[in-house]
Amino acid sequence: MAEPLLTTTGLTRRFTSGGGLLRRPRSMTAVRDVTLAIPRGSVTGVVGESGCGKSTLARLVLRLIEPSQGRVGFDGADLTALPAGELRRMRRRMQMVFQDPYSSLDPRYTIAEVLAEPFRVQGERVSRDAIDHLLSQVGLAAPMAAAYPHQLSGGQRQRVGVARALALKPDFVVLDEPTASLDVSIQAQIVALLERLKSELGLTYMFISHDLGLVRYFCDRILVMYLGAVVEELPSTEAAPRHPYTRALLDSTFSPDPALRRRLVALKGEIPSPFDLPRGCAFAGRCPHATAHCRDQRPELAGEAGGHRVACFHPL
Amino acid sequence: MTALLTVADMQVTIGPVTPLDGIGFTLDRGEILGLVGESGSGKSLTAMAIMGLLPLSGGRVSAGSIRFDGTELTSLGEDAYRQLRGKRIAFISQNPMTALDPLQTIGAQVDVIGTLHFGKSRAEARRRTLEVLTQLRIPEAAAICASYPHQLSGGMKQRIVIAMALAGEPDLIIADEPTTALDVTVQAQIIHLLAELVRERGMALLLITHDMGVVAQCCDRVAVLYAGRLAEAAAIDPLFAAPAHPYTQALIACIPRDDTRKGTLAGIPGTVPAVSAYPPGCRYHPRCPQAQDICRTTVPDSRPRPSGVVACHFPGPTNG
Ligand SMILES: Nc1ncnc2c1ncn2[C@@H]1O[C@H](COP(=O)(O)OP(=O)(O)OP(=O)(O)O)[C@@H](O)[C@H]1O
Ligand SMILES: Nc1ncnc2c1ncn2[C@@H]1O[C@H](COP(=O)(O)OP(=O)(O)OP(=O)(O)O)[C@@H](O)[C@H]1O
Ligand SMILES: [Mg+2]
Ligand SMILES: [Mg+2]
C-alpha cells in the first residue's frame with residue numbers, strides 16, 4: 001500500500017459531563033483506541049449507529065477537537081503536534097461537510113455570501129460565475145444565490161453545505177452524513193457528484209453514514225464502529241462481514257428489491273449507555289452468538305490497519 | 001367490497017395555487033400503501049387533505065372525493081372530523097419531538113388519549129397506556145412512563161409516538177416519514193413493528209416515504225406522486241419487476257443495490273418544480289430522458305397497467 005494520506009494511532013477521546021454540588025461528574029469514552037490508515041484517493045466509510053462516535057472521530061481527525069490520547073498523521077506531518085500557523089495552512093487541504101444543514105448555515109447571509117466566505121477567509125476574490133458553477137454542481141439554480149437559508153428546503157440547504165466544503169478544492173474531505181436529511185433522489189445526485197469530483201480532483205474522502213448499503217456502494221474500505229470502538233474493518237466492499245454487528249447492520253438496509261424482503265432482520269434491543277458500558281464485548285447484549293466469555297472479556301481489534309480486522313471472539 | 005379509504009380525482013387548492021390534482025388510490029384494512037415521491041411532490045398535503053387539516057393552511061379539497069369507511073370526508077364538518085382524528089384516523093409525524101411535550105412525562109402524554117377521546121378515568125387510561133407500551137415491546141414500560149422525552153433515544157421517542165397513535169385503536173394510521181430521522185437499525189425495528197401491527201389488528205397504514213427501499217421492504221401497494229399528480233400506482237411485485245413510469249424507474253434506481261456498479265448511481269437530475277411553476281403537459285417531462293413533443297403539451301391520462309395505473313404517454317415495458 002502506498003503512503004497513506006491520513007493515519008491515526010491509538011486515537012482516544014473521553015468526555016466528562018454533569019458534576020455539580022451533589023453529583024459526581026460522569027465520564028465516557030466517545031472514541032476508543034482507533035488506529036486506521038486512509039490511502040490517497042480512497043473513500044473510507046465509517047458506519048455505526050447514532051452516538052457511536054463517528055462525528056467525534058471526524059473532529060479528532062481534522063483536529064477540530066483535541067484527543068485525550070493518540071496521534072493523527074496527515075501527509076507525513078504529525079497533525080497533533082503542529083503549531084497553530086501550520087495547522088491553519090494544513091486545514092485548507094482538509095474540509096468537512098457537516099451533518100446538520102440547519103445550524104451550519106448563518107441565517108443572516110445570502111447563499112452567494114455563504115459560498116464566497118471560504119474564498120474571502122483565504123483572501124481570494126470570487127466571481128459570480130464561480131458561485132453559479134458551485135450552485136449548479138450541487139443541483140441548485142443560479143437565482144438561488146440571492147436567497148437566504150430560511151428560504152431553502154432542508155435538502156437545498158445541505159446542498160449549499162456540500163458546495164461550500166468543495167469551494168476551495170481540498171485534498172481530503174470528511175463527509176459527516178452529508179445526505180442523511182436528503183431525499184434519496186438528491187442523495188444519489190450528491191453521491192454521484194462526490195464521485196465525479198473525486199476522480200476529477202484526486203480527492204480522498206472519509207464518508208460517515210449509518211447506512212451500510214450506501215457505504216458499500218460508495219466506499220473502498222469500511223470501518224464499523226460500535227460504542228466508540230472500531231469493531232470491524234472491511235478492506236473492500238466485497239469482503240463478507242465477520243462481526244455479528246456488521247451483519248446486523250447489513251440486514252437492516254432497505255434494498256429496493258421486494259425479493260429480498262425475507263432478509264430484513266431487525267436488530268433487537270437498545271445500545272447500552274456509554275456511561276455504563278458492560279464489562280465484556282459492548283455488543284454482547286444484542287448479539288445472537290454471545291457466550292459467557294463475550295460478557296466477561298472485551299475482544300481486541302487484532303491485525304494490521306488496512307487488512308480485514310474484526311473484534312469478536314466468535315466471528316462469522 | 002369497497003376499500004376502507006378511497007381517494008378519487010382529488011384536487012387541492014390553497015389560495016391562488018392548486019398543488020394537488022387528480023390524486024387517486026385505495027387502501028384497505030390489513031394493508032400498507034406506500035405514498036412516495038420526492039420532496040415537494042405532495043405527500044404531506046395528501047395526508048393533510050385526508051385528515052381534514054387543510055383549513056389550517058387556508059386550503060381545501062376543491063374537487064374529487066375522499067371516502068372513509070362509507071363516509072364522504074370532503075363535506076364533513078369540523079366537529080365530526082375532530083371525532084375522527086385521534087380516534088379512527090391516527091397520525092404519526094416525521095419528527096417525534098414535535099409530537100411530544102418536553103415538559104410532561106411520557107405516561108401523562110399517552111394517558112391523555114384515553115381520558116380525552118374515550119372518557120376513561122386516569123387509572124384506566126394508565127392501565128391502557130402500559131398495555132400498549134408492552135405490546136410495542138417497550139422494556140420497563142412503567143419506568144418509561146415516568147421519564148421525560150429528553151431522557152429517551154430517538155428510536156424510543158418514535159415508538160412512544162406510535163404508542164400514542166395506537167392508544168386510540170384507529171382503523172387508519174397515516175405515518176409521514178416515520179423513520180427518516182432514525183438510524184437504519186432502529187428504522188428496521190420501527191417498520192417491522194408497524195407492519196406487524198397492521199397485519200395483526202387489521203388496521204390500514206398509509207406510509208409516506210421518499211425511499212423506494214422502504215416501500216419494497218414493507219408495502220403491499222404503492223402510489224407514486226410527482227409534482228402534485230399521480231404518476232403510477234400498482235402492487236409491489238409487478239411495480240418493481242416492471243416499473244412503467246420513467247419517474248418510478250428513476251426513483252428505484254436512486255438506491256444502490258448489491259449489484260450496483262460504482263459510478264452508475266445518478267439520482268434524478270433537476271428538482272421537483274414549485275407549485276407556481278408546474279410545467280404544461282406531463283409535469284415530469286423537463287426531467288424525463290424519454291420525453292417527446294406530446295409530453296410537453298398534453299397531460300397524460302391514467303391508463304391501466306398490471307394491477308394498477310400509470311399516467312405516461314410512453315410507459316415502459318410492463319411485461320409483468
Ligand atoms: N462535546 C461533547 N461533550 C460530551 N459528550 C459528547 C460531546 N460530543 C459527543 N459526545 C458524546 O460522545 C458520543 C459520540 O457522539 P458522536 O456525535 O461522535 O456520535 P455519532 O456517531 O456522530 O452519532 P450520530 O450518528 O447521532 O451523529 C455520544 O454519546 C455523545 O453524546
Ligand atoms: N400552505 C401551502 N401553500 C402553498 N403551497 C403549499 C403549501 N403547503 C405545501 N405547498 C406546496 O405543495 C407542494 C407539495 O407539498 P408537500 O408538503 O405535500 O410535499 P411533500 O411531498 O410532503 O414533500 P416533503 O418530502 O418535503 O415532505 C410543494 O410544492 C409545496 O411547496
Ligand atoms: Mg454524528
Ligand atoms: Mg412532507
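Interface residue B:Ser39: backbone and side-chain heavy atoms are both found under 4.5 Å from chain A. Only the backbone of A:Cys219 comes within contact range of chain B, with at least one heavy atom under 4.5 Å from a heavy atom of that chain. For chain B, the nearby part of A:Thr237 is the side chain; its heavy atoms alone come within less than 4.5 Å.
Atom CG of A:Leu140 is separated from atom OG1 of B:Thr271 by 8.0 Å, given to the nearest 0.5 angstrom. The structure places OG of A:Ser185 at 10.5 Å from CG of B:Asp211, a figure rounded to the nearest 0.5 Å. Note: B:Thr209 OG1 to A:Asp183 CG = 9.0 Å, rounded to the nearest 0.5 Å. In this structure, B:Thr260 OG1 and A:Arg216 CZ are separated by 10.5 Å, a value rounded to the nearest 0.5 Å.
The side-chain contact (heavy atoms from CB on, under 4.5 Å) test with B:Pro256 singles out one residue from A:Thr253, A:Val215, A:Leu214, and that residue is A:Leu214.
The main-chain N or O of A:Glu195 is never found under 3.5 Å from a side-chain atom of B:Lys262 such that the two would form a donor-acceptor pair. Between the B:Gln217 side chain and the A:Phe254 main chain, no donor and acceptor come within less than 3.5 Å of each other. Looking only at distances, no side-chain donor or acceptor of A:Tyr217 sits under 3.5 Å from a matching main-chain atom of B:Asp258. With A:Gln187 contributing its side chain and B:Ile255 its backbone, the two residues share no donor-acceptor pair below 3.5 Å.
Around the CD atom of B:Gln151, the shell of radius 6.0 Å holds more than 12 heavy atoms that belong to other residues, nucleotides or ligands.
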Legend entry - Trace of the side-chain contact (heavy atoms from CB on, under 4.5 Å) decision for B:Met212 with A:Val184: CA-CA 8 Å; B:Met212 278 299 217; A:Val184 287; over 6 Å; no

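Counting all heavy atoms, side chain and backbone alike, B:Asp237 lies closest to A:Pro258 at OD1-CB, 3.4 Å.
Each of B:Gly270, B:Cys254, B:Pro269, B:Ala250 has some count of heavy-atom pairs under 4.5 Å with chain A, and the biggest count is that of B:Cys254.
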